[in-house]
Amino acid sequence: MNKSCDIFDLYRETVALSDEDTADFLVYVQDAISPIDGAMAVSGVTLSLLEGQWSTERILLLTNAYTLASCDMIRERAVVGLLMSMMRYSAILREKYDLLDKLQEILTDDPELCFTALCNIARTAQVKQLEKFNQELTKEIMPLMSKVGSDEFYDVIRKHQSDMERIARMHLDQNFLIFRGTYQTPFFRERAAHWLLPWDDNQLQNVHEDEREQLQGLLDLWPMCDSDKYALIGMSSMIRNTLKEQLQGDLLAQMDSLGHADIVTNGYVQQLYRYFRLSSFTQSTPFDLVNYLRDTIVYRLVVVGERAKHVINEILN
């Protein structure tokens with residue numbers, strides 16, 4: 001883990017990468033023995049673009065990562081990094097025709113992956129609107145939790161069914177509301193890299209044996225992005241038990257009936273969202289750029305066809 005975090009810091013913090021740094025990056029993203037190193041190198045390059053200044057060199061590193069990597073995790077991170085960077089620097093890109101041609105070639109190589117990633121970026125950005133609704137919904141539902149199964153309880157559920165469906169489709173965003181307080185642990189405060197680490201099941205070996213079963217039960221029960229899994233370890237045992245009881249109740253069954261199990265998710269987008277919303281390492285929030293998505297180069301390159309336009313416009317509206 002320490003090596004991967006050091007790799008992340010190098011590509012995030014180094015202003016001018018040396019030829020050796022560039023060569024090492026290409027080795028990391030192709031190395032099937034340690035895909036975590038490659039994933040963290042890509043995340044470091046992505047954050048250097050999103051937090052810093054435009055860099056053609058770093059954009060090309062992300063395109064190389066996507067082209068050279070055989071690991072799906074690395075390719076997904078590279079695509080997400082390209083899309084978000086292109087949204088942020090859309091005005092600059094409009095003048096770089098040769099680079100645009102290369103980016104178009106990359107983004108049309110796997111259109112489904114690129115469009116799915118873009119949808120998840122746009123959908124995740126809407127979580128701010130959900131936070132207010134979640135507070136209102138909680139005021140109505142929580143007082144009725146003791147009456148689960150009653151007509152009164154399900155009347156409230158039916159009243160908010162369309163909004164519940166939206167929450168179900170964005171269940172990882174809903175996790176953000178549940179887990180946000182647990183990110184205030186030394187693990188996340190110490191290093192920016194910890195917000196983007198791929199989950200390692202061996203982390204469960206670092207907790208007391210009595211808690212291990214409880215943690216594994218929660219991980220199996222509820223879909224989480226990787227940073228939420230690390231945050232889960234920082235929860236108290238009492239909070240974890242309460243959460244598990246809530247997830248096992250009738251409310252979860254209601255969410256399942258709305259298609260919860262079939263939701264397409266992009267955990268890496270969620271990790272980036274938590275980093276930019278909660279960490280003390282950054283002040284900017286690139287997800288705010290989603291409001292202007294229709295005016296960006298990304299929209300023209302990725303949102304192709306009437307069906308795609310309908311899907312993305314439904315999310316944005």
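Quick caveat, the model's predicted, so the values are computed rather than measured.
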Nearest 0.5 angstrom please: [X] [atom1] to [Y] [atom2], how far?
X	Y	atom1	atom2	value
Asn120	Leu272	CG	CG	11.5 Å
Met84	Ile121	CE	CD1	5.5 Å
Thr46	Phe8	OG1	CZ	9.0 Å
Arg300	Met86	CZ	CE	8.5 Å
Thr56	Tyr89	OG1	OH	11.0 Å
Leu17	Leu61	CG	CG	6.5 Å

Would the distance check show the side chain of [X] and the main-chain N or O of [Y] forming a donor-acceptor pair, the cut-off being under 3.5 Å?
X	Y	result
Ser4	Met40	no
Gln30	Leu26	yes
Thr296	Leu293	yes
Arg123	Ile315	no
Asp21	Ser18	yes
Thr63	Leu60	yes

Is it the case that [X] and [Y] place a side-chain donor and acceptor less than 3.5 Å from each other?
X	Y	value
Thr185	Tyr230	no
Tyr268	Arg77	no
Ser48	Arg12	no
Gln270	Arg274	yes

Item to check | Closest heavy-atom pair and its distance - Ala65, Val29 | outcome: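 Here Ala65 and Val29 meet closest at CB-CG1, 3.8 Å.
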Evaluate the ring planes of [X] and [Y], with Trp represented by its six-membered ring, and classify them as parallel (under 30°), tilted (30 to 60°) or perpendicular (over 60°).
X	Y	result
Phe281	Tyr275	parallel
Tyr183	Phe188	tilted
His194	Phe187	parallel

More than 12 heavy atoms of other residues, nucleotides or ligands under 6.0 Å from [atom1] of [X]: yes or no?
X	atom1	answer
Glu13	CD	yes
Glu20	CD	no
Asp98	CG	no

Next on the checklist: Check Arg191 with Asp6, please: is the shortest side-chain N to carboxylate O separation under 4.0 Å?
Outcome noted: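 Looking at Arg191 together with Asp6, the answer is yes, because their closest N to O distance falls below 4.0 Å.
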Item to check | Step-by-step side chain to side chain contact (heavy atoms under 4.5 Å, CB included) determination, Leu118 to Tyr299 | outcome: CA-CA 9 Å; Leu118 186 62; Tyr299 187 89; 5.8 Å; no
